[in-house]
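Letters A, B, ... are given to chains in the order of the sequence lines, protein chains preceding strands, and every chain is numbered from 1.
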Amino acid sequence: MPINKIVNSFDEAVADIEDGAVIMVGGFGTVVSIPSLLLEAIYRKGVRNLTTISNSTGFGSDVWKLQGAPFPEDMDILVRNERIKKSIVSAPVSALYVNNFEKLLRAGKVEIEMVPQGTLAERIRAAKAGLGGVYVPTGVGTVVEEGKEKKTIDGREYLLELPIKADFAMIHAHKGDRWGNLVYRGTSRTFNPTMAGAARITIAEVDQIVELGELDPECIVTPGVYVDRVVARPKVTDAHEEITDAQALESRKRTDQEIRATIERAEERGLRHE
Amino acid sequence: MPINKIVNSFDEAVADIEDGAVIMVGGFGTVVSIPSLLLEAIYRKGVRNLTTISNSTGFGSDVWKLQGAPFPEDMDILVRNERIKKSIVSAPVSALYVNNFEKLLRAGKVEIEMVPQGTLAERIRAAKAGLGGVYVPTGVGTVVEEGKEKKTIDGREYLLELPIKADFAMIHAHKGDRWGNLVYRGTSRTFNPTMAGAARITIAEVDQIVELGELDPECIVTPGVYVDRVVARPKVTDAHEEITDAQALESRKRTDQEIRATIERAEERGLRHE
Amino acid sequence: MSNNLQDKERLDRQIIALRVAKEFQDGDIVNLGIGIPMLASNFIPEGREVIFHAENGVLGFGEVTLPGEGDLDLVNAGGQTVKPQPGMCFFGHDESFVIVRGGFLDISVMGAYQVSEKGDLANYMVPERQVGTIGGAMDLAFGAKKLIIAMNHTTREGEPRIVKKCSYELTAPECVDLIVTDVAVIEVTDKGLVLKELAPGWTPDEVQSITEPTLIVDPDCHDIELM
Amino acid sequence: MSNNLQDKERLDRQIIALRVAKEFQDGDIVNLGIGIPMLASNFIPEGREVIFHAENGVLGFGEVTLPGEGDLDLVNAGGQTVKPQPGMCFFGHDESFVIVRGGFLDISVMGAYQVSEKGDLANYMVPERQVGTIGGAMDLAFGAKKLIIAMNHTTREGEPRIVKKCSYELTAPECVDLIVTDVAVIEVTDKGLVLKELAPGWTPDEVQSITEPTLIVDPDCHDIELM
């Protein structure tokens with residue numbers, strides 16, 4: 001039988017995620033890197049008490065709808081609906097406003113383990129790579145070292161950081177095939193390829209499913225061996241708003257003016273610039 | 001000034017490698033994955049007492065010349081000319097014949113630290129990644145654990161494996177640009193991308209130098225940030241020998257016959273096969 | 001050991017490989033060591049899709065090419081040129097061993113000098129020369145979900161290779177799941193070594209006589225099955 | 001602090017960014033944090049080639065696009081769309097932080113709440129809310145070869161941000177190399193904080209009066225240089 005990791009719906013893709021599951025969610029700040037439809041599906045399924053592993057806790061779909069995103073959900077769908085028991089996260093709150101996660105935190109409704117972003121990536125990779133732990137310098141002399149073994153190796157101090165493994169990893173990629181091979185687009189790789197394979201089951205939400213052999217073997221980023229399920233987003237017509245030439249020109253003029261003005265102000269203040 | 005990591009000759013590329021240097025050499029078994037001309041250049045330079053880090057110790061150029069390789073040198077050029085003081089290596093000897101490295105070993109002319117292949121890769125990556133060490137399960141209960149810290153994590157035993165860092169990493173890639181971005185060809189990546197960046201200076205020997213921007217940003221395997229020097233091989237006309245149709249047919253017939261014969265023999269012996 | 005056993009007909013390399021290949025299930029990720037194991041790639045059971053991994057950094061390659069044909073930048077871990085195949089992909093050594101150590105291989109097949117009754121494996125130190133090559137074997141033995149050993153049942157001198165305790169340096173302790181030899185198929189279980197299948201013409205007693213530890217004969221023990 | 005200092009003209013965000021950019025040397029790999037640091041990408045000194053890294057997995061991207069233009073799959077760490085540029089490449093988060101932690105960044109520029117006289121940095125815990133976001137800042141502070149802080153010299157309330165000992169949670173100890181504020185450029189050295197440059201109209205004494213630790217005034221201390 002040909003190997004076929006393609007599943008036909010998002011609900012089917014998350015059917016075995018239960019209450020209390022440990023889930024990894026790929027992506028970074030912007031919604032285009034995030035497995036939005038998988039997040040929606042596990043919200044629909046109604047699972048609770050999740051432990052989540054992610055870079056951030058989301059901005060909420062309202063922000064992304066304003067930008068015209070066709071799939072606007074991010075981690076906030078699980079946060080605002082109080083589905084999370086514990087969050088292992090690098091960027092939980094915003095310096096600029098009080099987000100939904102911070103509200104839950106203040107209300108004592110969610111536990112948090114905050115992890116430096118690079119350590120988070122390395123701990124996830126360690127799980128995938130079958131390592132018992134890694135010695136990381138980041139965090140020595142800060143609150144991050146609390147409760148961790150510290151070791152001096154070759155004259156430098158390191159913290160023992162343990163693997164982070166999940167039951168399910170939900171990731172977003174650009175294209176995938178029936179073996180689970182994946183490619184991404186631009187800066188939207190982020191935590192997605194890192195998390196692929198770091199869970200018992202890895203589920204990839206892709207923009208497009210392609211025939212086996214269509215992906216260039218030199219350019220496949222995630223070998224199919226890390227991926228258990230592939231599910232495709234519905235096609236969208238390009239919702240990307242065309243900026244009118246007048247607008248573009250106006251905006252470009254503003255930027256140029258600002259730069260020139262800065263240099264002029266500097267010179268007025270007696271600061272030479274060349 | 002534009003960044004330009006391209007150097008014009010192999011001798012120039014290795015000019016600062018001195019006696020006693022610690023060098024990593026990329027590649028695996030077959031010569032096409034190996035930085036042959038860099039190896040020739042450091043041999044020519046006459047440096048001695050090298051500590052080398054490599055997967056294997058080479059088959060020797062005679063073998064590869066028979067195959068018509070235009071650049072036939074592998075690690076053996078340093079082995080047979082007794083330039084190596086210590087070898088950190090995964091596959092030092094052959095089960096089939098006594099190679100030059102084994103002769104040196106028997107004569108007490110070289111030290112060896114044998115490392116499982118995956119651990120070698122992980123220790124090299126650890127150096128590049130700024131880690132103090134990694135806990136690896138491979139080797140527990142074998143001679144590999146001697147002298148190493150053993151730790152039980154989550155019910156499984158691991159060995160503390162320390163980073164392997166070098167003064168110079170010499171690698172081979174297919175194409176490179178002036179920023180040091182690299183792509184490889186097929187199965188010839190091997191240790192090359194792993195070693196890129198794991199040394200103070202990384203030198204890449206490439207089949208071809210291309211203009212900045214020619215490499216697809218989605219397909220660059222080694223970001224230029226890991227690479228300090230890029231040097232191009234001289235162009236070769238395709239030396240790949242054309243196999244005549246008659247030869248090919250003959251050979252294919254032999255293989256098919258062997259498979260059929262095996263199945264027939266199995267059936268004669270009373271073994272059912274379908 | 002009686003001389004008549006030495007002379008008794010055994011399975012050849014190709015048939016051992018054929019038997020090994022019957023273990024490959026649909027969708028398995030399989031790594032084949034040099035020698036008999038690599039021959040198994042010729043005998044994938046009809047209709048099954050199996051993905052081969054080679055530690056030099058490739059998944060999903062096709063069959064071995066004709067000698068002299070093929071692309072030198074597309075080789076298996078033994079250096080043989082192989083054919084490209086849809087779905088194939090390439091990666092470097094660190095990623096290749098993330099796949100091995102991380103437990104993504106369903107089956108690893110390799111040769112051995114000795115296997116103990118606990119499933120300890122010794123296959124890297126060349127006994128008579130006291131030198132060895134660990135290579136990728138140790139990672140594969142620790143990492144693969146199922147480890148199959150394909151080897152001759154005895155040494156050239158007729159000494160057992162299946163022993164109570166390995167006298168050679170270990171590659172990994174308690175790692176072997178199945179042993180396919182030129183006279184038998186033996187499963188390593190918590191209770192001991194279970195004799196499951198026999199080469200045609202061989203009896204359990206005969207196999208036991210060239211095996212150091214006591215074998216548990218499976219009630220269903222039968223001639224080697226190739227289908 | 002005297003009120004006249006509070007009212008005294010300081011450098012604006014753009015000019016701070018302009019001064020920071022003067023630190024970028026030819027071929028430097030540079031990571032810019034959100035806020036003032038990111039503005040520095042507009043002011044790369046003429047004729048120098050600088051490669052920007054963003055922790056979301058890109059090296060070598062171009063300038064920020066017009067708002068609403070650009071490709072949403074090509075953004076900097078602040079989520080702004082940027083232009084593609086020849087030589088650019090993409091990677092995942094693990095690789096991105098190998099680059100950070102492995103010491104491949106020549107310069108990291110970020111904001112701060114406090115910097116101590118030893119170069120300790122506090123910039124992740126929002127003081128008044130007692131919550132924070134470590135994000136990539138900690139790795140960048142530990143990993144970059146040179147760490148430049150771009151910030152206002154005092155809080156809105158006029159309290160010093162350059163302090164003897166940070167009262168906020170540390171991002172990293174002894175990591176800051178250079179502080180560029182709206183009134184001064186200060187280098188962190190083994191001997192202490194060295195006042196190197198002043199905003200026009202400011203005296204060393206005035207800067208000292210809004211700085212907690214004692215500054216060493218460089219003999220060559222002069223007006224901020226932008227060339």
Side-chain angles (χ1 to χ4, degrees), chain A residues 28-30 32-33 55-56 67 90-95 98 102 105 114-122 124-125 136-144 184-194 221 240-241 243 247-248 251-252 255 258-259 261-263 265-266 269-274, chain D residues 9 11-12 14-15 17-19 42-43 46 54-58 61 64 66-69 71-79 90-94 96-98 100-101 120 126 129 131-139 141-143 169-174 199-201 223-227:
Chain A
F28 188 63
T30 56
V32 293
S33 60
N55 180 68
S56 53
Q67 285 198 5
S90 165
V93 304
S94 166
V98 175
E102 187 170 344
L105 208 55
M114 186 156 51
V115 183
Q117 205 169 111
T119 299
L120 185 62
E122 198 63 23
I124 292 167
R125 179 189 178 275
V136 173
T138 310
V140 171
T142 77
V143 70
V144 167
Y184 303 82
R185 222 181 145 256
T187 50
S188 291
R189 290 191 198 181
T190 66
F191 272 98
N192 295 301
T194 307
V221 174
H240 192 74
E241 256 180 89
I243 199 156
Q247 273 183 307
S251 181
R252 157 63 63 220
T255 309
E258 241 170 55
I259 293 173
T262 299
I263 293 167
R265 278 200 316 282
R269 302 281 301 280
L271 297 163
R272 292 160 303 164
H273 174 260
E274 74 178 22
Chain D
E9 196 180 359
L11 303 181
D12 61 34
Q14 297 280 356
I15 295 181
L18 184 54
R19 174 59 188 85
N42 287 330
F43 303 109
E46 194 82 25
E55 51 269 46
N56 48 327
V58 54
F61 54 94
V64 173
L66 300 180
E69 282 198 339
D71 182 340
L72 294 172
D73 283 328
L74 182 49
V75 295
N76 63 23
F90 304 117
F91 33 83
H93 244 84
D94 47 340
S96 188
F97 280 86
V98 167
V100 174
R101 196 191 312 102
D120 298 341
V126 186
R129 301 210 316 261
V131 295
T133 265
I134 290 177
M138 211 176 257
D139 289 283
F142 274 84
E169 288 287 2
L170 286 196
T171 306
E174 302 183 21
D223 270 10
I224 282 178
E225 263 185 8
L226 298 177
M227 70 170 184

Asker: Please rank V115(A), V140(A), T119(A) by heavy-atom pairs under 4.5 Å with chain D and give me the top one.
Answerer: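 Counting heavy-atom pairs under 4.5 Å, the top option is V140(A).
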
Asker: To the nearest 0.5 Å, tell me how far N192(A) CG sits from H93(D) NE2.
Answerer: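 Those atoms lie 10.0 Å apart.
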
Asker: Quick check on S94(A) against chain D: is it the side chain, the backbone, both or neither that has a heavy atom closer than 4.5 Å?
Answerer: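 Contact with chain D involves the backbone of S94(A) alone.
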
Asker: So how far is it from D139(D) CG to S90(A) OG, rounded to the nearest 0.5 Å?
Answerer: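 If we round to the nearest 0.5 Å, D139(D):CG and S90(A):OG are 8.0 Å apart.
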
Asker: Can you tell me which portion of R19(D) sits under 4.5 Å from chain A's heavy atoms? Options are side chain, backbone, both or neither.
Answerer: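 Interface part for R19(D): neither.
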
Asker: Going by side-chain hydrogen bond (donor to acceptor under 3.5 Å, both in side chains), name the residues that satisfy it together with T30(A), two or more places apart in sequence or in a different chain.
Answerer: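 Result, side-chain hydrogen bond (donor to acceptor under 3.5 Å, both in side chains) vs T30(A): none returned.
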
Asker: Of all residues at least two apart in sequence or in a different chain, which pass the side-chain contact (heavy atoms from CB on, under 4.5 Å) check with V221(A)?
Answerer: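 side-chain contact (heavy atoms from CB on, under 4.5 Å) check on V221(A) returns Y184(A), R189(A), P193(A).
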
Asker: With a 4.5 angstrom heavy-atom cut-off, which part of V75(D) approaches chain A: side chain, backbone, both or neither?
Answerer: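 Contact with chain A involves both backbone and side-chain atoms of V75(D).
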
Asker: Using heavy-atom distances under 4.5 Å, tell me whether F191(A) contacts chain D through its side chain, its backbone, both, or neither.
Answerer: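 Looking at F191(A), backbone and side chain both touch chain D.
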
Asker: With rounding to the nearest 0.5 Å, note down the distance linking CG in D73(D) to CZ in F90(D).
Answerer: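 Going from the CG atom of D73(D) to the CZ atom of F90(D) covers 8.5 Å.
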
Asker: Examine whether an atom of R185(A) lies under 4.5 Å from a heavy atom of chain D, and if so say whether it belongs to the side chain, the backbone or both; otherwise answer neither.
Answerer: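 R185(A) touches chain D through backbone and side-chain heavy atoms alike.
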
Asker: Tell me whether S33(A) contacts the main-chain N or O of F28(A) through its side chain, where contact means a donor paired with an acceptor under 3.5 Å.
Answerer: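 Yes; at least one donor-acceptor contact below 3.5 Å.
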
Asker: For each of G201(D), A137(D), G78(D), G132(D), tally heavy-atom pairs with chain A at distances under 4.5 Å, and name the one with the top tally.
Answerer: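 Of G201(D), A137(D), G78(D), G132(D), G132(D) has the most heavy-atom pairs under 4.5 Å with chain A.
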
Asker: With a 4.5 Å cut-off on heavy-atom pairs, point out which of E169(D), E174(D), Q14(D) contacts chain A the most.
Answerer: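 Counting heavy-atom pairs under 4.5 Å, the top option is Q14(D).
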
